[in-house]
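These numbers come from the heavy atoms of this one structure, side chains and all, not from hydrogens, waters or symmetry mates. Numbering of residues begins at 1 and proceeds along the displayed sequence.
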Amino acid sequence: MRTETTSSEKPASKKTRSKSQNTVIGKIQDDDALTHSLTEKKHIARATERKIDAIEFEMSRDMGRPKSTTPKASGPEGLKRTEPNQFHTDFIATDFQSTVALNMQTTELLLGATELHTAAMGQIESVPLLEEAAILFATGQVKVAEHMLRSAIDSDNLGNATPLAWFMLFDLYQIEQNQYAFESLSLDYAGKYETSPPVWHSSEVLMDAEETKLEGAIPTVSFPAQLDGEIIKLLQKLNTFSEKSKVLKLDFGRVKTVDPVGCGLLLRAMRNLKKSKHDLVVVGAQNLTEQIRSILEVGRRDETEAPWLLLMEVLQLLQLKEAFEEASIDYCVTFEVSPPAFEAPTSKVTTAAPEVSEEPPQEPSDRFLMPKVIEGSTESLVKEIQEHAKSHDLVVLDCSQLERVEFGASAQLLNGLVPISGAKGKSIQFHEVNYLVMHLFNAMGLKNIAAIVPRKQS
């Protein structure tokens, strides 16, 4: 009997131990999965922080010397296209190369800068290769567009259109603020055409000119619609201003979207200004806090804490203690840390709502000033142009500040301007257009509804 009892108890005992062991194993597996998830999030957070560090490092390094450039092509072994028809073939499906030739009226507008322009452009029609390069630039493929233009210049097989490739590359280097490459290209240009090349316009020189013209005005940094890693150039400008003035103006009225990297860069800049005890005039701060809140979610840990920390930094700056404490509680719940203490600013901070006068002046009154970059939806821009057109039969769109038009936005712009150009007694002219944008407009067909006047290369 004892033997039977013992034998009958063993399976149950084994079953119990087996169940207990399975529970332990399951718990270990769950713990491993949780640990793996937390480790992965930490890696992502570190990667984001490293990206912010790298951007700041590049800024500090480049402040002391010109930017590095694409190697200069000095001969047949320079930047050579190994597949001459590659880019052309890529765009055949969308028929960009079938754009209509420039009519005589528009061609005449291209002339007048120098005798070289007249000789080179007198019989120019649409050039598919240059239009493709412009489209590449418009889609953000800057290096590919640069390579394409450099190859066209080296090959020198575009006939009368060759100077246009030079001007497009000059514009590309100017927009990218690549002074070393610009000056290198200038030497080649002067040697080939025996005439003065276009002049480099330094952002610092333009900045100093603005300060001289607005003597006594507070140095102002206006942040763009998208607050991301690209704001590093503005933060360089802010750093320069901070060395010259103890009062600075920060305008966030145009900000529409933010990302963690942009928040991280701005956070560091704001903390530096706090340490240096700069007095600030902050425009559109409420708009900035709303855009930051739009990407936050209580309990969701993103790749970096920067947006949360920037939100609390701005709330402290505005001395909104109650809002700060609410945000700090959400922050500590999300990241399971102690809530930071509220610290009122020790320097003077003045707030202001965005004002119309802060926008770039639209002068003279018969011109409509186009923005620096056209991207995303153009609905609001087209509405403003339509409103301007109500009181102007000749709609002059001033592109002197326009650097880049996104490919998709150019199509929207075309659709928006067609009704204006088709209205009785109305006509549209784009003035002071850089050569990259001019060829994009040619490719997209805007030249069929408006006259396009390129800026003079001087």
Side-chain angles (χ1 to χ4, degrees), residues 45-63 218-224 226-252 255 258-293 295-296 302-321 323-332 334-335 337-352:
R46 290 195 189 103
T48 303
E49 292 298 324
R50 283 197 296 269
K51 184 174 181 180
I52 296 171
D53 290 337
I55 293 173
E56 283 202 328
F57 174 74
E58 286 297 324
M59 177 185 75
S60 60
R61 186 178 66 173
D62 291 347
M63 285 176 69
I218 300 173
T220 303
V221 175
S222 298
F223 288 84
Q226 191 167 350
L227 197 74
D228 56 16
E230 293 299 316
I231 67 168
I232 194 65
K233 295 176 182 178
L234 279 178
L235 297 183
Q236 286 178 310
K237 180 179 179 181
L238 178 62
N239 183 64
T240 302
F241 280 156
S242 68
E243 295 173 354
K244 299 178 181 179
S245 174
K246 289 297 291 182
V247 182
L248 300 170
K249 188 174 184 179
L250 307 179
D251 188 346
F252 301 107
V255 176
V258 300
D259 75 7
V261 173
C263 288
L265 291 169
L266 181 58
L267 174 65
R268 296 184 183 186
M270 298 288 281
R271 286 178 171 174
N272 287 337
L273 292 175
K274 180 194 289 187
K275 289 179 182 178
S276 57
K277 299 187 183 301
H278 276 79
D279 293 336
L280 301 176
V281 177
V282 183
V283 179
Q286 182 178 354
N287 175 59
L288 176 61
T289 59
E290 289 173 358
Q291 301 310 325
I292 298 172
R293 282 193 173 102
I295 68 168
L296 301 179
D302 297 321
E303 60 264 38
T304 175
E305 302 173 19
W308 287 94
L309 297 176
L310 177 61
L311 174 62
M312 290 185 287
E313 191 72 31
V314 175
L315 293 175
Q316 284 186 125
L317 203 65
L318 303 177
Q319 299 195 52
L320 299 175
K321 187 174 181 180
F324 171 88
E325 289 175 348
E326 291 178 2
S328 67
I329 291 173
D330 292 340
Y331 166 73
C332 72
T334 300
F335 292 95
V337 295
S338 300
F342 178 83
E343 296 179 6
T346 57
S347 55
K348 183 179 179 181
V349 178
T350 305
T351 60

(message) Checking L267 now: which residues fulfil side chain to side chain contact (heavy atoms under 4.5 Å, CB included) with it, not counting sequence neighbours?
(response) R271, L309, L310, E313
(request) Would you check if the side chain of H278 reaches a backbone N or O of L248 as a donor-acceptor pair within less than 3.5 Å? (result) no
(request) Output yes when a side-chain donor or acceptor of N272 lies under 3.5 Å from a complementary backbone atom of R268, and no otherwise. (result) yes
(request) Report yes or no: does S245 contribute a side-chain atom to a donor-acceptor pair with the main-chain N or O of S242 at less than 3.5 Å? (result) no
(message) According to side chain to side chain contact (heavy atoms under 4.5 Å, CB included), who are the partners of K277, at least two apart in sequence or on a separate chain?
(response) T346
(request) Using a 4.5 Å cut-off on heavy atoms from C-beta on, say whether the side chain of L320 contacts that of T289. (result) no
(message) Which heavy atom of I295 sits nearest to which heavy atom of D302, and what is that distance?
(response) O-OD2, 3.9 Å
(message) Going by salt bridge (charged side-chain N to carboxylate O under 4.0 Å, His left out), name the residues that satisfy it together with R293, two or more places apart in sequence or in a different chain.
(response) none
(request) Output all residues satisfying side chain to side chain contact (heavy atoms under 4.5 Å, CB included) with E326, sequence neighbours left out; order by chain, then residue number. (result) E322
(message) For a quick test of reading the model, state the closest non-hydrogen atom pair linking Q319 to P345 and the distance between them.
(response) CG-CD, 3.6 Å
(request) Could you label the plane-to-plane angle of the W308 and Y331 rings as parallel, tilted or perpendicular, counting under 30° as parallel and over 60° as perpendicular? (result) tilted
(request) List the atom of L266, the atom of L235, and the distance in Å for their closest heavy-atom pair. (result) N-CD1, 4.4 Å
(request) Could you tell me the separation between the CZ atom of F324 and the CD atom of E343, rounded to the nearest 0.5 Å? (result) 7.5 Å
(message) List the residues meeting side chain to side chain donor-acceptor pair (under 3.5 Å) with D279, not counting sequence neighbours, and say none if there are none.
(response) none
(message) For T220, is there any backbone N or O sitting under 3.5 Å from a side-chain donor or acceptor partner on D251?
(response) no
(request) Count the heavy atoms belonging to other residues, nucleotides or ligands that lie under 6.0 Å from CD of E325, then report whether that count exceeds 12. (result) yes
(request) With sequence neighbours left out, write down each residue that passes side chain to side chain donor-acceptor pair (under 3.5 Å) with S347, or none if nothing qualifies. (result) none
(request) Could you tell me which non-hydrogen atom of P307 sits nearest to which non-hydrogen atom of I292, and how far apart they are? (result) O-CG2, 3.3 Å
(request) Search all heavy atoms of A327 against all heavy atoms of L315 and return the closest pair with its distance. (result) CB-CD1, 4.1 Å
(message) P224: which residues meet the side chain to side chain contact (heavy atoms under 4.5 Å, CB included) condition with it, sequence neighbours left out?
(response) I231, L234
(message) Quick one, M270 and L250 - any side-chain contact, counting heavy atoms below 4.5 Å?
(response) yes
(message) When you compare the side chain of V282 with that of L288, does any pair of heavy atoms fall below 4.5 Å?
(response) no
(message) Return the CG to NZ distance between L317 and K274, rounded to the nearest 0.5 Å.
(response) 8.0 Å
(message) Are the side chains of D330 and L296 in contact, using a 4.5 Å heavy-atom criterion?
(response) no
(message) I'd like to know whether NZ of K321 has more than 12 heavy-atom contacts from other residues, nucleotides or ligands below 6.0 angstrom.
(response) no
May I have the list of side-chain donor-acceptor pairs in residues 258-265 shorter than 3.5 Å, sequence neighbours left out?
{"unit_1": "D259", "atom_1": "OD1", "unit_2": "V261", "atom_2": "N", "d": "3.2"}
{"unit_1": "D259", "atom_1": "OD1", "unit_2": "G262", "atom_2": "N", "d": "2.7"}

(message) Minimum heavy-atom separation for P219 and F241, please, with both atom names.
(response) CB-CG, 3.5 Å
